[in-house]
Amino acid sequence: MREPFVPPPYPYDRLDELKAVGSGLPGGLVDLSIGTPCDPPPPAVIEALARSGAERGYPASIGSAAYREAAAGWMARRLGVDVDPTNVAACVGTKELVAGVPQLLRLRRPDLDTVLYPAISYPTYAMGATLAGCRAVPYRELDAIDPADAARALCLWVNVPGNPTGELGDLGAAAAWGREHGVPVLSDECYVEFTWEGPPRTILEHGHDGVVAVHSLSKRSNLAGARAGMYAGDPALVHYLSEVRKHAGFMVPGPVQAAAIAAWGDDDHVDEQRERYRQRLDGMAAALSKAGIDAPTPSGAFYLWVPAPDGDAWALARRLAETGGCLVSPGEFYGPAGAGFVRVAVVQPDDRIALVADRLATA
Ligand SMILES: Cc1ncc(COP(=O)(O)O)c(C=O)c1O
């Protein structure tokens, strides 16, 4: 018999004590733990949200035609890939999809029970496996995946640029691995607009067969509170997932769909946002460096992945709370392999980041 499921503590709830430490400093806590945007979405997006008139009726679970066309148009413009809007479907932000997809894939393939995910990564890949009663099996390199695990895999997750490391993994290799092993590859690309080295990358550059790209407006357009995302790629997979999700009642609210159409249609606000994150990453890395903490700048995303000087991430997090008044995430939140690092999310306004820099400089 299986053990009853007891939800583990939510990672960020484990930071309460350090939060209290940072809050005690004059000027208060600067929260650099959760990657939640602080900057405003563009006014036209808020206008569309307020004035859509779409609040009365049920919205389409798969997303309106205009929603899917706007998403496909954005992919063509910014990522250089042609996607037929019929192979695009809506999700209510992407976390629910990430957490729920193993269960849906398992309904289709009850003989499989394994989710493969990067060893240092967003915790919801592993949690999605757990919630489906599956095995969550981390991998470091595609080549090192045990063939026995590959044979049992419902899917393989990739995340480029990666949270928390900012790394730009090889999406072509992931697509090829999936095809070779007959395992669907799910590519979480929510930080794609914040790629700092080279052009933005999507797995759909490498064909659509057996792969699905997952995208969010939370980071791109500062719409994490509205909950809008989409997935696109392999027609059979997108069709299967969107049909089951329709039965389950997943729907992006109509007004949010209207806002999302406006957001996907505009790139200027994203270029501004890129500049903000770029400056904050540089500013924060410089402040840490002055305090004797080496913080390499990432290849993508808006996190600094900082090795703890003596390998003790909780001690570094405490030091930063005590001297900088800032809250950061110990790397173990992203898997045991991340234990010697902390993640610093530059998701606070410039003056708050500057306050941390001043405090660190005078500590
Ligand atoms: C890698 C990754 N995927 C997915 C998400 C979920 O974003 P959302 O549910 O807001 O689309 C996050 C949020 O931090 C993330 O870091």
Side-chain angles (χ1 to χ4, degrees), residues 10-12 15 31-39 41 45 63 67 71 74 88-102 115-129 131 136 138 155-169 171 174 185-195 200-203 212-232 245 250-253 256-257 259-260 263-264 270 273 277 298-305 328-329 331 333-335 338 343-348:
Y10 197 67
Y12 297 102
L15 295 177
D31 192 341
L32 307 176
S33 60
I34 299 181
T36 185
C38 69
D39 302 298
V45 170
Y67 186 95
W74 165 73
V88 175
C91 51
V92 193
T94 58
K95 187 177 175 100
E96 60 86 359
L97 183 86
V98 173
V101 93
V115 172
L116 301 168
Y117 67 100
I120 300 181
S121 61
Y122 181 56
T124 311
Y125 307 126
M127 183 50 74
L131 296 177
C155 63
L156 172 120
W157 278 107
V158 286
N159 175 215
V160 173
N163 170 14
T165 64
E167 276 170 19
L168 306 174
L171 292 173
V185 178
L186 308 178
S187 180
D188 180 350
E189 301 173 359
C190 65
Y191 297 100
V192 68
E193 297 265 25
F194 307 115
T195 301
R201 295 138 169 93
T202 172
I203 200 158
V212 170
V214 179
H215 284 282
S216 174
L217 284 173
S218 295
K219 320 285 180 183
R220 174 186 194 272
S221 300
N222 299 324
L223 280 178
R227 314 305 301 141
M230 60 93 170
Y231 52 102
R245 289 169 54 80
F250 287 101
M251 286 171 259
V252 176
V256 175
Q257 293 200 28
W264 268 313
V270 186
Q273 191 61 42
Y277 283 138
S299 305
F302 47 64
Y303 305 106
L304 294 171
W305 184 237
V328 302
S329 308
F333 287 9
Y334 314 97
R343 192 193 78 170
V344 181
V346 294
V347 291
Q348 291 289 337

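Only heavy atoms go into these numbers, but all of them, side chains included; no hydrogens, no water, no symmetry mates. The model shown is predicted, which means the values in this text are computed figures rather than measured ones. Just so you know, ligand 1 is whichever comes first in the structure, and atom 1 is the first atom listed for that ligand.
With a 4.0 Å cut-off on non-hydrogen atoms, Cys190 touches ligand 1 through its side chain and not its backbone. Counting heavy atoms under 4.0 Å from ligand 1, residue Thr94 touches it through both backbone and side chain.
In this structure, the protein non-hydrogen atom closest to atom 10 (O) of ligand 1 is Ser218 OG, 2.5 Å.
Heavy-atom proximity to atom 13 (C) of ligand 1, evaluated over Glu189, Lys219, Lys95, Arg220, is greatest for Lys219.
Surrounding CD of Glu96 are more than 12 heavy atoms belonging to other residues, nucleotides or ligands, all under 6.0 Å away.
In this structure, the ring of Tyr117 has its center no less than 6.0 angstrom from the ring center of Tyr125.
Ligand 1 places these atoms under 4.0 Å from at least one heavy atom of Gly93: 9 (O), 11 (O). Within ligand 1, counting atoms from 1 as listed, the ones closer than 4.0 Å to a heavy atom of Tyr125 are 1 (C). Atoms of ligand 1 found under 4.0 Å from any heavy atom of Asn163 (numbered from 1 in listed order, with element): 1 (C), 15 (C), 16 (O). Remark: ligand 1 atoms within the under-4.0 Å shell around heavy atoms of Ser216 are 8 (P), 11 (O). The ligand atoms of ligand 1 that sit less than 4.0 angstrom from a heavy atom of Asn159 are 1 (C).
In this structure, Arg227 counts as a contact residue of ligand 1, since one of its heavy atoms falls inside 4.0 Å of the ligand.
Ring geometry for Tyr303 against Tyr191 counts as perpendicular: the plane angle is over 60°, on a 0 to 90° scale with 30° as the lower cut.
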Could you go step by step and tell me if Thr202 and Val192 meet the side-chain contact (heavy atoms from CB on, under 4.5 Å) rule?
-> CA-CA 8 Å; Thr202 172; Val192 68; 5.6 Å; no

Begin from the C-alpha positions of Leu171 and Glu189 and carry the test side-chain contact (heavy atoms from CB on, under 4.5 Å) through to its verdict.
-> CA-CA 10 Å; Leu171 292 173; Glu189 301 173 359; 4.1 Å; yes

